[in-house]
Each structure stands twice: as C-alpha cells, then as structure tokens.
Amino acid sequence: KFFQKGATLMEVLIAMSISLVVTTAMVALMGNTLGTTSRIVKMTKLTDDMRVAMQMMTRDVRRSNYNADSILCYANESCWDDGSVTSAGDVRLVDTDSNGVNDCFWFLTDREHDNYASDIEAGGFRQVPVDPDDDGIFVGAIEMWTGTGDPTGSAICDDPPGTNSWAVITDPENVNISSFTVVDNEPGLSFTQVVQDDGNGKTLSQRVRKIRLNIQGELVVDDSITRTMQDIISVRNDLLF
C-alpha cells in the first residue's frame, strides 16, 4: 500500500515566506517602474512647456523692430546720406523688481506689415507671479504682450499680472518659472559696427544686437524636478546695403 504524505508545517511556512519575498520584490519593482514612468512624464511635460515658451520668445525677438519700410536703401545708394534711412529700433530690457535682474523686455514690431505710419504694434515677454487656484499660493509664469500701441519707457512691463494685454504662455498649474533673465551686456554679445563710410569722416553705424535668454523652471507638484534652458538670439533687423 502506498500512502500520500502531506507537507509539514515547517515546509508550508518556508514556502509561504519564499512566496512573500518574491511577491514583495515584484510589487516593489512594479512600483519603482511606475514611479519612474510618472517622473519621466512629468519631466517631459516640464521640458515641453519651457521649450514652447523659449521658441515663442526666440521667434519674436529675431524679428523685433521689423519695419515693412526697412528696405529704404533699395535702389538708393545715398539713403544713408540723405536721411531716408530709418535706424532699426532696439530691444528694451527692464528690471521690474529693481534687483539688478532684467526679467522683462519689449520691442516694436510691424506685425500688420503696414510700417509704423498707421499703427504701432509692440511685443514683449516678462516673468510675473500668478495664483492659478486663487488659494494664495503663487508661482512664477511667463507672459507675452498682446496689446497694441506705442509703449513708453518701461510702462509695458509695469502692468499688474492678469492685465488683458498680457497672456500667460506657461502653465502655472504644472510649471513654476523660478527664474527668467534677459542679458545683453556679456562680452562678445552685442556690438556696434560701421556699415557705411564715405571716406571723408562721415560714417553710418548700427548695433548688432544679441540677447541671451535664461529660463529655470520646476514642477509645481515636485520641485525636485527642474529644468534650465538658455538661448542666444540674434536680432535680425540689421540694415543691408
């Protein structure tokens, strides 16, 4: 006769312990994988939001102070002598907090391609604190100027956050822009060059403008996830002869 022998209590306890260890390891591995995936998604979202903001600023700054009448020297070799040439405008950098850091800039731009005779359009970007949930918790955001008219001095940068002429281009519910600076005084950036010389001491000079934009941001839900972006932009409003 054959008898079937069951497992002893010790064998059952050992088997249960091994199963528990294996199950715990699998759960931990899955949790770590899901956590890593979630972190990657958040980092990608942060990067995308900041990249879009940088691309918008780069696009506008490159064509800042564009004027549909800027080709005034075409077929007029004496334009620099008879006064018909109009010097390109400049990009205005503003320190809104008086802390030595430029966190706003604006410029004129001929968006309607009708020169500056009938209307003057302006562009600009700045960092402001916003409260997306109206709960008293503020985060940094970047706004773009969407108004019209000729801004005087730094007035365009002094409007309070939420002004109708400013539109938020970063997502304050997801991204906190902790730092935004505009720099043009670094060695090797902007410089002045002579574009015409009549040989008798009369010259026409223009400024070749380059601007460095620096953005630093972090996730609102996890400030340990940060990103920093930089770009050097050449303002393409040089006079060509």
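These numbers were taken from a predicted model, which means no experiment stands behind them.
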Does [X] reach the side chain of [Y], with side-chain heavy atoms less than 4.5 Å apart?
X	Y	result
Leu219	Asn176	no
Val235	Val61	yes
Val128	Trp166	no

What's the shortest heavy-atom distance between [X] and [Y], and which atoms?
X	Y	answer
Asn185	Val183	OD1-CG1, 3.3 Å
Val220	Pro172	CG2-O, 3.5 Å
Ile232	Leu189	CG2-CD2, 3.9 Å
Met50	Ile177	CG-CD1, 4.4 Å
Ser234	Arg62	O-CG, 3.7 Å
Arg126	Pro160	NH2-O, 3.3 Å

Please table the atom pairs, donor to acceptor, closer than 3.5 Å between any side-chain atom in residues 130-141 and protein atoms at least two apart or in another chain.
from	atom 1	to	atom 2	distance (Å)
Asp131	OD1	Asp134	N	3.1
Asp131	OD1	Asp135	N	3.2
Asp131	OD2	Asp135	N	3.1
Asp131	OD2	Gly136	N	2.8
Asp135	OD1	Ile137	N	3.1

Quick one: do [X] and [Y] end up in the same hydrophobic cluster if we chain Ile, Leu, Val, Met, Phe, Trp and Tyr together by side-chain heavy atoms under 4.5 Å apart?
X	Y	result
Met144	Phe105	yes
Ile225	Phe180	yes
Val168	Phe125	no
Met56	Val175	yes

Nearest 0.5 Å, what's the [atom1]-[atom2] distance between [X] and [Y]?
X	Y	atom1	atom2	result
Gln127	Cys157	CD	SG	12.0 Å
Leu93	Ile211	CG	CD1	5.5 Å
Leu46	Thr226	CG	OG1	7.5 Å
Glu218	Ser179	CD	OG	10.5 Å
Ile142	Asp49	CD1	CG	10.5 Å
Lys210	Ile233	NZ	CD1	12.0 Å

| query | Distance-only, no hydrogens or angles: does the Thr146 side chain make a donor-acceptor pair with backbone N or O of Ser165 under 3.5 Å? | reply | yes

| query | Are Lys45 and Asp48 within salt-bridge range, i.e. N to O under 4.0 Å? | reply | no

| Any side-chain donor near an acceptor of the partner, Asn214 and Thr181, under 3.5 Å | yes

| Taking atom types as modelled, is there a side-chain donor on Ser224 or Asp222 under 3.5 Å from an acceptor on the other? | yes

| task | Show your reasoning for whether side-chain contact (heavy atoms from CB on, under 4.5 Å) applies to Val182 and Asp184. | result | CA-CA 7 Å; Val182 190; Asp184 71 336; over 6 Å; no

